[in-house]
Structures are given as C-alpha cells and as structure tokens.
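Below is one structure, written out as structure tokens; comments come after it.
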Amino acid sequence: MLKRLLVTGAAGGLGRAMRARMGKLADTVRLSDIADLGEAQPHEELVSGNLADAGAVMRLVEGCDGILHLGGVSVEDKFSKILDANIAGLFNLYEAARAHGMPRILFASSNHTIGYYRQDEHIDAASPMRPDSLYGVSKCFGEALARMYFEKFGQETALVRIGSCFEKPRNHRMLATWMSFDDFEALIGRVFTAPMLGCPIIWGVSNNDRSWWDNSAAGYLGWRPKDNAEQFRAELDAAMPVPPPSDAASLYQGGHFVNEPIHPEG
Ligand code: NAI
Ligand code: 15L
C-alpha cells in the first residue's frame, strides 16, 4: 500500500477511468491536471497545474511515494504543445522525483513509439523504435529520459506502451491493441507492489487473440492480463466495415497516425 499516489492527467479519459480504482492502492490519491478535476473524495487531494511549470511540478511531487503519469498531449498536435506538456513536462517530473526520494513511476508511453511497424510483424521490447508522429517521438523521448534517470540515479519506471485503453475496442485495429480498464488496473497494481521493477518496457495490451507484441521480457512482474478484445469482434463487424488492406488502419501498427501531417503552429 502506498502512502500517497500522484496521478497526473487525472481529468483525462484514463485518469477518470482509474480514479476510483486507485483508492485500493494508496491511502491518499493526489490528482492533478490542467483541466477541471471535479469534487475531491475523502481520500483524494486535487492539485491543478501545468506540467510545463517546473516549480508547480516540484511542489506536486513532494510527499508522494508513487506516480501514475498519464498527463500530457495524447494525440498528434502542434510541436509547441507537445514540447511543453510531453518533453519539458517529463523533464520537470523526473527532476521533481529526483528531489523527492525517487518515487516509482508508471509512465504512460504509447504504441505510437513503434507505429511504423506493419501489422504482419511481431515485435518485442528490444525492437527499435519507429515512431509514427511527433506525439510518438515525444513518447520515445520520455522512455529515453526515464532510462537515463534509471542508469544515472536508480530511478525506477515502468514504460508502459499502451495500445488502446478504452471501455471497448473502437475499430478493427483495436482488436489487436486494446487493453481493458481491469487489465490496466491490475498492471498498475503490479508496478507499484513488485519487489523489484527496474525500467522495463511493457506492452499495455490485454490477452487478445490477435496480437503483435511479445511481453515476455517483462514476465518477471507477474502481470497476466485476462481480457480479450475478440469478444467485441461481432459487435464491431456489425457497426463498421473492416478497412481495406491498403488502408493505414489495416497496414500499420500505429494505424492512421502514420498519415498525420506536421501540424502547423499558430
Ligand atoms: P487524455 O488526453 O484524455 O488525458 C490527458 C490529460 O492530460 C488531459 O486531462 C489533459 O488536460 C492533461 N494535460 C495535457 N497537457 C497538460 C499539461 N501541460 N499540464 C497538465 N495536464 C495536462 O488522454 P488519455 O487517453 O487519458 O491518456 C492518458 C495517457 O496515456 C496519455 O499520456 C496518453 O498519451 C497515454 N496513452 C493513452 C492511450 C489510450 O488508449 N487511452 C494509448 C497510449 C498512450
Ligand atoms: C494513443 O497513444 C492515444 O493516446 C489514444 O488516444 C489512441 O489513439 C491510442 O494511442 C491508439 O493507438 O489507439
């Protein structure tokens, strides 16, 4: 049991899905976001702030013995926005962690670190990065930064390359990339209670029949996802056509992110 778990990005989709569940893991849950966080429950503390503000992040991390880092830009966007939230923001978080006892961190990385692999390829944690967007590049930066803090200072981080974590898969690609909320909750629990974590890359994906990612290098954590996106196939088939084989959604692991332009500033 943690004393105080910090959850950044707590007003976002995953933050809202995990919020009530995190009370099982920590006496106090400190929720932070730049957006509105609603009303605090008795075990919660709400702290508004911008990840790009180094002083605010330093105060945010103080007193926490675990960090679930979900905050930041979560899709392709202008470089300036990604730079503030995902690059400067990540540096601010790691400097604050270094100053405050190096609480274990779960970093919400993304499959868009490897989005240019094709869907007929199978990869593992040792496969080279192939980011499909500036957003994906920012997650590669985050993983590299975390690795440096591990090598230099011993800061432990789980680099969770989340596939698609939603209530259910939203398209046929997500039959391979989907991670259920229950499986994510179980993974968070393992990350913060395992005797030894290190700095592993973990594929954040359920036990889907269709899968491109080999998680055996992180097997020592003992996380065994239970859900399977296949249960939603018939529902998806009825709701939408399967994209043609030439479509990025059928060709690339990152799907349509490979078609994202560089977004103009201004
Ligand atoms: P989201 O976009 O719904 O939530 C992100 C939150 O971060 C938002 O509430 C936003 O206000 C906050 N935020 C953005 N910039 C900020 C800043 N400068 N300072 C403070 N807060 C800021 O995204 P979602 O889906 O909840 O994802 C959470 C994390 O997981 C993100 O880092 C995302 O990149 C990652 N992820 C999510 C996946 C998914 O399937 N949901 C897949 C892969 C990665
Ligand atoms: C992500 O990294 C995004 O944050 C999320 O919104 C989805 O687009 C997901 O990847 C995905 O690839 O499905």
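The figures that follow rest on heavy atoms only: side chains count, while hydrogens, waters and symmetry mates do not. We count ligands from 1, going down the list as the structure has it; atoms in each ligand are counted the same way.
- Heavy atoms of Arg173 come nearer than 4.0 angstrom to ligand 2 in at least one pair.
- For the pair Leu70 and ligand 1, the shortest N or O to N or O distance falls below 3.5 Å.
- The aromatic rings of His112 and Phe257 sit parallel, their planes meeting at an angle under 30°, below the 60° perpendicular limit.
- For atom 8 (C) of ligand 1, the closest non-hydrogen atom on the protein side is Asp33 OD2, 3.5 Å.
- Under the 4.0 angstrom criterion for non-hydrogen atoms, Asn111 is in contact with ligand 2.
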Without placing hydrogens or testing angles, list every side-chain donor-acceptor pair under 3.5 Å for residues 50-58, not counting sequence neighbours.
{"from": "Asn50", "atom 1": "OD1", "to": "Ala52", "atom 2": "N", "distance (Å)": "2.9"}
{"from": "Asp53", "atom 1": "OD1", "to": "Gly55", "atom 2": "N", "distance (Å)": "3.2"}
{"from": "Asp53", "atom 1": "OD1", "to": "Ala56", "atom 2": "N", "distance (Å)": "3.1"}

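- Ligand 1 has no N or O atom lying under 3.5 Å from any N or O atom of Asn111, backbone or side chain.
- Nearest protein heavy-atom neighbour of atom 6 (O) of ligand 2: Phe166 CZ, 3.8 Å.
- For atom 13 (O) of ligand 2, the closest non-hydrogen atom of the protein is Ser164 OG, 2.6 Å.
- Residue contact annotation: Met174 has a non-hydrogen atom under 4.0 Å from ligand 2.
- A donor-acceptor pair is defined here as one N or O able to donate and one able to accept, closer than 3.5 Å; such a pair exists between the side chain of Lys78 and the backbone of Gly266.
- Across Gly12, Gly163, Cys165, Ser110, heavy-atom proximity to atom 9 (C) of ligand 2 is greatest for Gly163.
- In terms of polar-atom proximity, Ile162 is not counted as a contact of ligand 1, lacking any N or O under 3.5 Å from an N or O of the ligand.
- The protein heavy atom nearest to atom 1 (P) of ligand 1 is Ser74 OG, 3.6 Å.
- Between Leu134 and Ile262 there is a side-chain heavy-atom pair separated by less than 4.5 Å.
- Side-chain heavy atoms closer than 4.5 Å link hydrophobic residues (I, L, V, M, F, W, Y) into clusters, and following such links, possibly through other members, connects Ile67 to Ile87.
- Of all protein heavy atoms, the one closest to atom 4 (O) of ligand 2 is Ser74 O, 2.6 Å.
- Using 4.0 Å as the threshold, Ser109 has a heavy atom nearer than that to some atom of ligand 1.
- Protein heavy atom nearest atom 34 (O) of ligand 1, with residue, atom name and distance: Tyr135 OH, 2.5 Å.
- Within a 6.0 Å radius of CD in Glu167, no more than 12 heavy atoms belonging to other residues, nucleotides or ligands are found.
- Looking only at protein heavy atoms, the nearest one to atom 26 (O) of ligand 1 is Leu14 N, 2.8 Å.
- Residue contacts with ligand 1: Gly12 is placed with a nitrogen or oxygen under 3.5 Å of a nitrogen or oxygen of the ligand (distance criterion only).
- Atoms of ligand 2 found under 4.0 Å from any heavy atom of Phe257 (numbered from 1 in listed order, with element): 8 (O).
- For Arg104 and Phe192, the positive end is not near the middle of the six-membered ring at less than 6.0 Å and at most 45° from its axis.
- The shortest N/O to N/O separation between Lys139 and ligand 1 falls below 3.5 Å.
- Relative to the ring axis of Trp203, Arg161 places its NZ or CZ within 45° and under 6.0 Å from the centre.
- Using a 30° and 60° split on the angle between ring planes, Tyr94 and Tyr149 fall in the tilted class, from 30° to 60°.
- None of Leu93, Thr8, Asn92, Ile105 except one satisfies the side-chain contact (heavy atoms from CB on, under 4.5 Å) rule with Val61; the exception is Leu93.
- Atom 10 (O) of ligand 2 has as its closest protein heavy atom His112 NE2, 3.1 Å.
- In terms of protein heavy atoms, atom 7 (O) of ligand 1 is closest to Gly72 N, 3.1 Å.
- Ranking the protein heavy atoms by distance from atom 19 (N) of ligand 1 puts Leu51 N, 2.9 Å first.
- Not a single donor-acceptor pair under 3.5 Å links the side chain of Asn111 to the backbone N or O of Gly254.
- Among protein heavy atoms, atom 39 (C) of ligand 1 sits closest to Cys165 N, 3.6 Å.
- Not a single heavy atom of Ala10 sits closer than 4.0 Å to an atom of ligand 1.
- When each of Leu14, Val205, Ile202, Thr177 is checked for a side-chain contact (heavy atoms from CB on, under 4.5 Å) with Ile162, only Leu14 meets the rule.
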